[in-house]
Amino acid sequence: MLQPTDIKIGNKEYDVRPLNKDLLVNGVTMPRPDFHMEDRLIRARVDGRIEEFVVTRIGDDLWLQYPGREYPLKIMTERMRLLKLAEANTDGGQHGAVIRAAMPGLVVRILVGVEQEVKRNDPVLILEAMKMENELRAPADGVVKEIRTSEKSSVEKGDVLIVLS
Amino acid sequence: MKSVLIANRGEIAVRIARTCREMGIQTVAVYSDTDKNALHVREADAAYALGGQTASESYLIQDRIIAAAKETGAEGIHPGYGFLSENAGFAKKVADSDLIWIGPPAAAIDAMGSKTQARALMIKAGVPVVPGTEGALNNAKEAAEFAKRAGYPVLLKAAAGGGGKGMRVVRSDGELEAALSAAQREATASFGDGAVYVEKYLEQPRHIEVQIFADSNGNAIYLGERECSLQRRHQKIIEESPSAVVTPEVRAQMGETAVMAAKACGYVNAGTCEFLLDNTGKFYFLEMNTRLQVEHPVTELVTGLDLVRLQIEVARGNRLPLEQKDITWRGHAIEVRVYAEDVLGGFLPSTGKLSVWKPPHGPALREDTGMYEGAEISRFYDPMISKLVAYGENRTAAIERMRRALREYHIAGLATNIAFCNFIMEQPLFERAEFDTGSVERVFAPAYKSFVEGADGLPDWFAAVIALANHSYNVHDVPESQISQVSRWKAVGRASALNGRSR
C-alpha cells in the first residue's frame, strides 16, 4: 500500500497519497499513471504518449533528469518522516563542523594540526583527484579537534577528514 | 605496417582501432587491471595485460609497452593523446626498437613539447608569443620579478604539461610561493618533470587552435581552426570548427603561422598550434601539441578527412595525399565532452557505475566513447564518458542538432555535465559566440546554478510516478550500487506475472 509521500522537484512540493484506486496529488485526484522502471530509467505513459526520465542518486542527493534538464529531487515517505523524528529526539548532541572529502582521492598534504585554530576559508588539506590538486577549506571558524586521515592515504567521497569544534 | 599497438585506453584507443580496422591493420590493445573489461580491450584484435591500476603502474611504463609490441608482433605504436604521446624519450625508444612511431620525430617533440623551448623557437621564427620567462623557474622570487615587470595576474605553467595540470593563476605576491610548489608537485606527478615557467595571464582571451599535418617529404598543410574557449579548470568542454570569430584572412594567417612553426622544428605527422586571440583579433602563439588532439573529430567533420588514417600514412613514409589548395571546409561541427562530474559542486569528478547509458542517435551525430552501459568510471583515469559531436550545414543547425542530441541522452549512476552543456547551447551569448576562456566559470556556471535553483516544478504526474516508483523499487533507500547488481526489472516482471498488473 502506497504511503503518503512528500515529493519536491525543483522548488515545487507535491503531496501524493492513495485514494482508493486513484491518487491524490496536492488534493487533486488523478488515475495512477502506468510506468515501468529499468534500473533508474523510468518510462511513464502520460495522455497516451511515453515520457522518459531518470532518477539518480549523486552522493546523498537525488536528481531527476528529464530531457536536457536536471532537477533536485526529494522524496519523503510517512515512514521516513517518523524515522527522522525519532533520530532527532535521540541525537541532541552539539556537533562542530566537519570537513569531508568532496570526491574520492589521495590526501597530499594536511595543512593543520590538532588543536590549531582555523578561520573560515583557511586551507586545511590538499586532496588530489584525477591528478588535480584541490584545496579543501574550513567551512567555519573553529579549532581542529580531530584529524581522521593521514597524508598519502586514499579517501572515499563523503569521508570525514577533519573535525572542528 | 600490418599491425599497430595502441598505447592508450578509453575512447581514443577505440577510435584509433576503428580506423586501423578500416585500413586492414591488426590492432593490439594494452590494459591495466582496472581496465580489464574496458571497451578498448574488446575492440582490438589482440590484447596485452600491463597490470597495475594507476597510469604510472601501467600505461606509462615504457619498457613494458615496447615489450608488448615485440611479443605481439606489432610493427607500429600509436600513442593516442596524453600518457606517452608527447614523451620524446619514448618516441626515440620506439624508433630505436625498430618499431614505427605514429607521431612526430623525437627531436620535434623535444623542440615543441617543452613549452619554454617552443616559445624560444617561435620568437626566433618571428611568431608572436605571450610575454613570459624564457626558461623554467628556480624559485618563487624569479616569478615575482617577472610579475613586477609584466604585472599581475600571471600564469604558472608546467613546461612539459597540458590539460590544465600543473597550472595556476596567481594574482598577488602572497599567493606565489604556495601556487608554485603546488604546480611543481602536479607537474612532477603528471609528467615526471617538475619544471614550471611563468607568463603574463591574458584576461578574457579566446583559445583558438590550428590543426596542421606534415609528411616526411617536407610538405606541410593546415586543416583550419578549432574554437576551444569553453573550458573549466583549464580543460576544454565544448569545441567547434570553424570558429565563429575567425575571418578567412585570420584563418589563413594563423594557418600559415602554424605551418611555419611546424617547418621550423622539422615537424612530421599531426600537430596543433594553440593560439590566444585577444578581442582586437591579435593572436599569440601559446604552445604546440605534438599529438592528435581530443577534439580532432570536429576538424574531421568539416574537412571530411580521417586524421588517424593520415597519421598512419605519414608514419609509413608516404606523402600527404592532399595539398593546401585541396583542403576545403564545409558546414559546422560542435563537440561536447560528456564528463562524469558534478557541475554544481564545482566540476568535481564523479565516480561510479554507468548504470543507465542511452546515448543519442540520428542524423549527423558522432559519438566517440570507451564506455558501455554498466562500465565503471574509476578515480584512476580521466572521467570523460564520451565525446558527442554534432554536424550541421551551418553553426545554427549544428547548435540545434546538439540540443536535440543532449535532450535524447540518458545517463544514471553518476553526475554528468549533460544538462549544463545543454544549458550553454541555449544561451544567447553562446548563440552569438560571445565568450572567452573564462566564460564557463565566470558566466555560464553561475547562471546555471541560479537556473537550477530557481527551477519551477514539473507537471503533477511526475510526482505521482515518482511516489509509485519509490514504493515499488525503494528509489530512495537502496544505494545505487545495489540497484545495479540485481535486475529489479526482472524481479518486478516476475511479481507482475504472479499478481497480474504491478502497480
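Chain identifiers are assigned alphabetically (A, B, ...) following the order of the sequence lines, protein sequences preceding nucleic acid strands; residue numbering begins at 1 within each chain.
A/Leu23 touches chain B through its side chain: at least one heavy atom from C-beta onward sits under 4.5 Å away, while N, CA, C and O do not. For chain A, the nearby part of B/Leu344 is the side chain; its heavy atoms alone come within less than 4.5 Å. For chain B, the nearby parts of A/Ile9 are the backbone and the side chain; heavy atoms of each come within less than 4.5 Å. With a 4.5 Å cut-off on non-hydrogen atoms, B/Arg168 touches chain A through its side chain but not through its backbone. Only the side chain of A/Arg43 comes within contact range of chain B, judged by heavy atoms closer than 4.5 Å. For B/Thr54, no part lies under 4.5 angstrom from a heavy atom of chain A. Residue A/Val108 touches chain B through its side chain alone, counting heavy-atom pairs closer than 4.5 Å. Heavy atoms closer than 4.5 Å to chain B are found nowhere in A/Glu135, neither backbone nor side chain. Contact annotation for A/Ile126: only side-chain heavy atoms (C-beta onward) come within less than 4.5 Å of a heavy atom of chain B. With a 4.5 Å cut-off on non-hydrogen atoms, A/Arg17 does not touch chain B at all. With a 4.5 angstrom heavy-atom cutoff, B/Glu426 touches chain A only via side-chain atoms. Looking at A/Leu64, only its side chain comes within 4.5 Å of chain B, counting heavy atoms on both sides.
Between chain A and the residues B/Leu406, B/Asn422, B/Val356, B/Asp460, the most heavy-atom pairs under 4.5 angstrom are made by B/Asp460.
Close placement of the B/Phe420 and B/Phe347 rings is indicated, their centers lying within 6.0 Å of each other.
Distance check, rounded to the nearest 0.5 Å: CZ of A/Arg49 to CG of A/Asp47 gives 5.5 Å.
Side-chain polar atoms of A/Glu52 and A/Tyr66 form no donor-acceptor pair below 3.5 angstrom. Side chains of B/Gln427 and B/Tyr448: a donor-acceptor N/O pair is absent below 3.5 angstrom, by distance only. Defined by atom type and a distance below 3.5 Å, a donor-acceptor pair is present between the side-chain atoms of B/Ser32 and B/Tyr381.
By the neighbour-count criterion of 12 heavy atoms within 6.0 Å, atom CD of B/Glu376 is densely surrounded, having more than that number from other residues, nucleotides or ligands. Residue A/Arg120 qualifies as open at atom CZ: its count of foreign heavy atoms under 6.0 Å is 12 or below.
In this structure, A/Asp22 contributes its side chain and A/Leu19 its backbone to no donor-acceptor pair below 3.5 Å.
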With side chain to side chain contact (heavy atoms under 4.5 Å, CB included) as the criterion, how do B/Trp357 and B/Ile411 come out once you've worked through the C-alpha distance, each side chain's angles and the decisive distance to 0.1 Å? CA-CA 5 Å; B/Trp357 183 53; B/Ile411 287 180; 3.5 Å; yes

